[in-house]
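Remember, it's a predicted structure, so these values are computed and weren't measured experimentally. Letters go in sequence order (proteins before strands), and every chain restarts at 1. Only this structure's heavy atoms are used, side chains among them; waters, hydrogens and symmetry mates stay out.
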There are 2 protein chains.
Amino acid sequence: MARMDPVARRARILEAGRAVALRQGLAATTVRDIAAEMGSSPGLVHHYVDSMDGLLAEVFELVAREGLETTRAAVASSGSPCEALRAFFSTSLRPGHGTAFQLWLDAWAEAARRPELGATSRRLNIEWQSVLVGIIEDGVAAGEFRCAEPESAAWRLLSLLDGLVLQMVAHDISFSDDDVMTWVAGSAERELGLAPGALTHPDAVLRLAPDRSSTPSTSSTPATSHTRSPSEAAS
Amino acid sequence: MARMDPVARRARILEAGRAVALRQGLAATTVRDIAAEMGSSPGLVHHYVDSMDGLLAEVFELVAREGLETTRAAVASSGSPCEALRAFFSTSLRPGHGTAFQLWLDAWAEAARRPELGATSRRLNIEWQSVLVGIIEDGVAAGEFRCAEPESAAWRLLSLLDGLVLQMVAHDISFSDDDVMTWVAGSAERELGLAPGALTHPDAVLRLAPDRSSTPSTSSTPATSHTRSPSEAAS
DNA sequence: TGCTTCGTTGAGCAAGTGTCCAACAAGCGG
DNA sequence: CCGCTTGTTGGACACTTGCTCAACGAAGCA
């Protein structure tokens, strides 16, 4: 292979690792696979990387951070806390997330056996939760959400989301991305004192509603419903 | 090693596999480890087992079914749907569940690469959800729960539980078994139209409350609360 | 042109993996 | 006592893994 600038070569290795990991899973990624992916030799990979554990941790971080930044960007460009919440959930469920989610499954399982991967997984997981905490706190400050404990509420919503996606990816359970979106949004409405449908109502366009910030919806008087409305999603 | 009856030997192999898998995880379990665990040779294992995939699937089923039957028994001996729900959640969170939960993590991750293990994981997962569906339907029939879609409600509750336990086991996140119990019970109350505290109120002893069936609590008029009460759990 | 630097090679090592199988021996009917 | 069935052995095979390292050769400079 052609001689390369060290930093470019290192990036190339991670990129190749990304491709291999997305194709066959993090736990089944080998040094030789990565070398073959970029048409090079195993020795070269180890010239830039100390251990397989560290390499897998870096590859995982590359993929996971990509998703995290996508979500962060969508959240940041949202006009309201409700819109930010929707953006958080919908970017977490975008098509193609399934193959990336396999990396999370591998990271969770391997965390007990690969220290660096475990530490990276833990760190990114907390970053992800922090984004959600930020949205909730913004919403509470704006008077749109009611939540006594944003930290634990974020863990509950994130865990529900992870658990549902897990069912779709690991087993191929009979519900869809849309179902998951509806259910998580519904849980968020109850968790944050929103009116049912505030996050799922069809009149709110999923992503872009530039004139929405001027009409802070109905959040001021959420004292209407008591039990969960069955919602209109057919499972 | 001493000669053994084939069915006893087979059981012994699975028992040894169980011990190894609980110690070092399903994905790190090898034929030689299992043979060494029972003081025997690798060849013997393969004399009773077709492939490693099948062996891991059987070991996983052994452990998972053990937990499932514990939960089933606790649910069956409950006097009311509410008590059954509490039993379902508390048996899913009993001490030592953490090491068994690692097997679930491994099964979910390996499901994509080991067909038999994947099929077993899927099957047991659905059995677990069925138990929950049964509880909900019983509660609805008894007029204690209100739930339009028991199937999807069970998936939501189970996913929340899995997601939260996952955070505790894979990462060592800062909430406890008690927090998870409180949160999942609270979610179940909202999901099933119960009054806040119906599942977590301290006057209900966690497991055994034999005189509770005569007083069907307050579930007949659940039209009181609208937003989530902050609950008393300090995260 | 020669020399140094350094990214790159790929064979090779030691330690694994699942799997197979010829040999062994314990129990048992004769 | 023998011979047969059959559970058991453990070495061996083919393969994969992470990792090393002496050798190579392209680029840059004098």
Distance, rounded to the nearest Å, where A:Arg113 contributes CZ and C:dG16 contributes P
17 Å
Take the protein atom CD1 of A:Ile34 and the nucleotide atom P of C:dG10, then report the distance between them rounded to whole Å.
18 Å
Roughly how many Å is it from NE2 in A:His47 to C1' in C:dT5, rounded to a whole number?
12 Å
In B/S/- notation, 5' to 3', how is nucleotides 17-24 of chain C contacted by protein heavy atoms closer than 4.0 Å?
BBBBB---
Contact state string [nucleotides 22-30 of chain D, B base, S sugar-phosphate only, - no protein heavy atom under 4.0 Å]:
---BB----
Can you name the side chain to side chain contact (heavy atoms under 4.5 Å, CB included) partners of A:Thr30, sequence neighbours left out?
A:Arg32, A:Asp33
Separation of C:dA26 P from B:Arg9 CZ (nearest whole Å)
14 Å
Pairing of B:Asp106 and B:Arg114 as salt bridge, 4.0 angstrom limit:
no
With sequence neighbours excluded, what pairs up with B:Ala112 under the side chain to side chain contact (heavy atoms under 4.5 Å, CB included) test?
A:Gln102
Distance, rounded to the nearest Å, where A:Met4 contributes CE and C:dT8 contributes P:
8 Å
Would you mind checking if B:Asp53 and B:Arg113 are paired as a salt bridge, meaning a charged N to carboxylate O distance below 4.0 Å?
no
Search all heavy atoms of A:Ser159 against all heavy atoms of B:Gln167 and return the closest pair with its distance.
OG-CG, 3.9 Å
Contact under 4.0 Å: A:Tyr48 side-chain N or O vs C:dG7 OP1/OP2
no
When you measure from the side-chain N and O atoms of B:Ser41 to the phosphate of D:dT9, is any distance below 4.0 Å, counting only OP1 and OP2?
yes
If a pair satisfies side chain to side chain donor-acceptor pair (under 3.5 Å) and one of its residues is in residues 1-13 of chain B, list it, with sequence neighbours excluded.
B:Arg10-B:Glu58
With sequence neighbours left out, which residue pairs that include part of residues 46-87 of chain A fulfil the ring pair (Phe, Tyr, Trp, His ring centres under 6.0 Å) condition?
A:Phe60-A:Trp104
Identify whether the distance between the nearest side-chain nitrogen and carboxylate oxygen of A:Arg72 and A:Glu127 falls below 4.0 Å.
yes
